[in-house]
Amino acid sequence: MTRIEVLLPRIVLLATGGTISSRESAAGGSRASDSAAQLMATLRARSTVDLITEIKIETQDIAVENSFNFTFADLARIEAASRNILRRDDVDGVVITHGTDTMEETLALLALTHDDVRPVVFTGAQRSLDHTDSDGPRNLRDALAVAASPASRSHGVLLVFGEEIHAAIPLRKTHTSLMQPFQSPRGGALGRVVDGKPQYFNEPRKKPALDEIAWNLREPRVEMILSYPGADGALIRSALEAGASGLIVLGTGAGNPGSAMVEAIREAVRAGVVVGLATRTLGGSVAPIYRGGGAIDALEAGAVGLGDLPGTQARVLLALILSAYPRDQARERLEQWVHSAN
Ligand SMILES: NC(=O)C[C@H](N)C(=O)O
């Protein structure tokens, strides 16, 4: 290895599937198929920026699956694989390719457990590899550049997509087909990728990682329940019968579940279930504005207000807390995290 090569950053590319790895299948429809090594071969063939020579890239595969099929067990395997990679001193960062449908949940898990100055960068694609104008190779090239850049150190877990750099939390997918389907509800992107180089214009808000806790996502059952006209609490009661130990209620507007749902929340809290109150809207925070079935009543019934945390990401947070702390401490731990994050 030449002296120059010794100085090049080493990035490990961990592939999990998703549209970025997908092609049209014989049975019709797009299916995840390509490995990390195949993604790199496609990038080299199509890349307009000869960036690859400036980074030493290793490839690993942990799944070749669309993310709508992932379970918490899959998210835990991805987190463990990333953690193992970062046990190596010779690695400067990790890039994880992942389906966009549930990427926000895996981003949340790694952001809540990642405690390393080296970056973990997620990316994916909205168009499959056999689309004439797939966004996959460009997104992968940009993600590698961000992970290899010293400017990305101490920025935590990041999403690179559509030439934007976003913090992992709070973040949600808000569009089915746009080339940039993700939105950060507060403050927008941290930066952009310009000609293959990251340019940061915002500092990431320090998201408190949960302290070194022994967590196991497979244990708690945490359900998400949407509020809507006529929601009478039956789904909350069914979740309790199914053994849920945590609930994320997505209230209308600024977290207003409606009177019937507030009654069911009260029953759940009395039964020892930890309830988080998020909003079903695609931006803004839960706020105690209304009584009469609004957020004030839900919070008085024992729900924990989740600020601007998307319900999908709050469900991961609550599952981590429920698996790591005794039930009678979990509600307080959730409140502490939300308070420190807002
Ligand atoms: N654009 C994508 O990656 C969507 C895909 N269905 C997935 O989440 O795996």
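As a basis for the values below, the full set of heavy atoms in this structure was taken, side chains included, without hydrogen atoms, waters or symmetry mates. Every number for a ligand or one of its atoms is a count from 1 in the order of the listing. It should be emphasised that the depicted structure is a prediction, and the values quoted were computed from it without experimental measurement.
- More than 12 heavy atoms of other residues, nucleotides or ligands sit less than 6.0 Å from atom CD of Glu223.
- Residues Gly292 and Ser259 come closest through the heavy atom pair O-OG, 3.4 Å.
- With sequence neighbours left out, Arg153 forms a side-chain hydrogen bond (donor to acceptor under 3.5 Å, both in side chains) with no residue at all.
- Sorted by first and then second residue, the side chain to side chain donor-acceptor pair (under 3.5 Å) pairs with a member in residues 264-274 read Arg237-Glu267, Glu263-Arg266; sequence neighbours excluded.
- Closer than 4.0 angstrom to ligand 1 lie heavy atoms from Gly18, Thr19, Asn66, Ser67, Phe68, Gly99, Thr100, Asp101, Ala125, Gln126.
- With sequence neighbours left out, Asp74 forms a side-chain hydrogen bond (donor to acceptor under 3.5 Å, both in side chains) with Thr71, Arg77.
- Under the 4.0 Å criterion applied to side-chain N and carboxylate O atoms, Asp101 and Lys173 are assigned as salt-bridge partners.
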